[in-house]
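Each remark here refers to the structure printed beneath this line.
For clarity, every value in this text was computed on a predicted model and none was experimentally measured. Chain A is the first sequence line, chain B the second, and so forth, proteins listed ahead of strands; every chain is numbered from 1.
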Number of protein chains: 2
Amino acid sequence: MKQPECDSCQEQCEHPQAICLAKEMVLPDQEAQELAELFKMLGDPTRVKILQVLSAQELCVCDLAAVVEMGQSAVSHQLRLLRNARLVKYRREGKNAWYSLNDDHVIALFQQGLAHIRHS
Amino acid sequence: MKQPECDSCQEQCEHPQAICLAKEMVLPDQEAQELAELFKMLGDPTRVKILQVLSAQELCVCDLAAVVEMGQSAVSHQLRLLRNARLVKYRREGKNAWYSLNDDHVIALFQQGLAHIRHS
DNA sequence: CCTATATGTGAATACATGTTCATATATAGA
DNA sequence: TCTATATATGAACATGTATTCACATATAGG
């Protein structure tokens with residue numbers, strides 16, 4: 001077994017080797033933060049529904065509001081968050097703003113997530 | 001094209017067909033809720049780190065606190081959430097409580113998530 | 001039984017989040 | 001230009017969340 005190398009393990013830790021191994025592999029702050037941001041964006045039922053229905057077709061704001069049964073304003077606020085997170089894009093056509101997924105990665109996450117909650 | 005079938009589409013909606021198709025496929029409330037809960041659980045950098053290091057080895061509370069550089073109490077609170085969500089399990093051995101992942105599904109989600117943030 | 005150590009937890013705090021309301025902006029059509 | 005409709009957004013509010021502090025519980029070893 002290799003010896004712990006990080007300084008902080010020499011004094012106070014209960015199980016220095018385990019800690020050092022863990023410290024070597026743990027995601028750096030920024031990446032952990034970004035990953036958490038991504039999951040946080042998927043961590044709201046309204047946004048879940050929005051993203052899910054957008055995976056099948058482009059929809060405008062008032063349609064989305066009808067589908068998820070929420071006010072137009074609430075949906076619009078959520079869409080802004082999803083836009084900022086680059087999870088959705090939109091195009092303007094006359095009075096309507098048509099939203100769609102920016103890429104399909106999110107769908108893979110949904111599928112994994114659904115698989116998890118469905119048999120666990 | 002098939003006609004819209006859901007009642008609510010007959011009156012107010014802007015694009016009834018799109019809405020009806022979406023309504024037919026949208027996740028039911030409870031499932032959207034559960035999925036959101038799962039992602040919410042992954043939506044915090046501390047928990048992200050905890051789960052990630054637990055994917056490699058079993059660790060006790062004070063070790064986890066050292067690795068994620070947070071107080072023992074904070075870690076303990078987070079572990080309770082993760083326990084309630086059945087994402088981690090633990091066994092007591094003397095004075096220590098050794099935590100580990102309950103299953104490996106979460107890791108798949110992390111990998112998907114990392115893939116997403118790393119090239120997007 | 002007493003002490004030291006590891007862990008769990010309630011209360012308090014600060015902060016983040018989601019929705020609503022009112023209103024602003026943008027566009028189409030008269 | 002004026003009106004109607006779709007969308008965006010700021011402010012306010014209520015609720016949720018993460019951390020800290022103080023303390024409770026549990027266990028090992030005198």
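OP1 or OP2 of D/dA8 lies within a sub-4.0 Å distance of a side-chain N or O belonging to A/Tyr99. Residue B/Tyr90 places no side-chain N or O under 4.0 Å from the OP1 or OP2 atom of C/dA6. At C/dG10, one or more side-chain N or O atoms of B/Arg80 fall inside 4.0 Å of OP1 or OP2 (strictly under the cut-off).
Here the NE2 atom belonging to A/His15 is positioned 13.5 Å from the CG atom belonging to A/Leu21, to the nearest 0.5 angstrom. One distance of note links CG of A/Leu109 with CD of B/Gln112; it measures 5.5 Å at 0.5 Å rounding. Note that CG of B/Leu54 and CG of B/Leu64 are 5.0 Å apart. Values are rounded to the nearest 0.5 Å. Remark: A/Leu35 CG to A/Gln30 CD distance equals 12.0 Å, nearest 0.5 Å.
Under the 4.5 Å side-chain criterion, counting only non-hydrogen atoms from C-beta, B/Leu59 is in contact with B/Gln57.
At whole-Å resolution of the value, CE in A/Met41 and P in C/dG18 are 8 Å apart. Note: CG (B/Asp63) to P (C/dT5) measures 16 Å, nearest angstrom. In this entry the distance linking CH2 of B/Trp98 with P of D/dT27 reads 17 Å, nearest Å. Computed from coordinates, the A/Glu93 CD to C/dT27 P distance equals 13 Å when rounded to whole Å. For the pair A/Asn96 CG and D/dA8 P, the computed distance is 10 Å after rounding to whole Å. Rounded to whole Å, the distance from CG on A/Leu82 to C1' on D/dT7 is 16 Å. Per the geometry, CZ belonging to B/Phe39 stands 17 Å off P belonging to D/dT17, to the nearest Å. When the P atom of C/dT17 is taken as reference, atom CD of B/Glu37 falls 16 Å away, rounded to whole Å.
Note on B/Leu81: only backbone sugar-phosphate atoms sit closer than 4.0 angstrom, heavy atoms only; bases stay farther off.
Between B/Ala22 and A/Val53, the closest heavy-atom pair is O-CG1, 3.9 Å.
With DNA chain D read from its 5' end, the first of the two nearest nucleotides for A/Ala74 and A/Lys95 is the one closest to A/Lys95. Along DNA chain C, the nucleotide nearest to A/Ser73 and the one nearest to A/Arg92 differ in position, and the one closer to the 5' end is contacted by A/Ser73. If B/Leu79 and A/Gln72 are placed on DNA chain C by their nearest nucleotide, the residue sitting closer to the 5' end is B/Leu79.
In this structure, the salt bridge (charged side-chain N to carboxylate O under 4.0 Å, His left out) partners of B/Asp29, at least two apart in sequence or on a different chain, are A/Lys49.
You cannot call B/His77 stacked on the base of D/dT19; the centres under 5.5 Å and planes under 30° rule is not satisfied.
Of the residues in residues 42-61 of chain B, B/Cys60, B/Val61 come within less than 4.0 Å of DNA chain C through at least one heavy atom, sorted by number.
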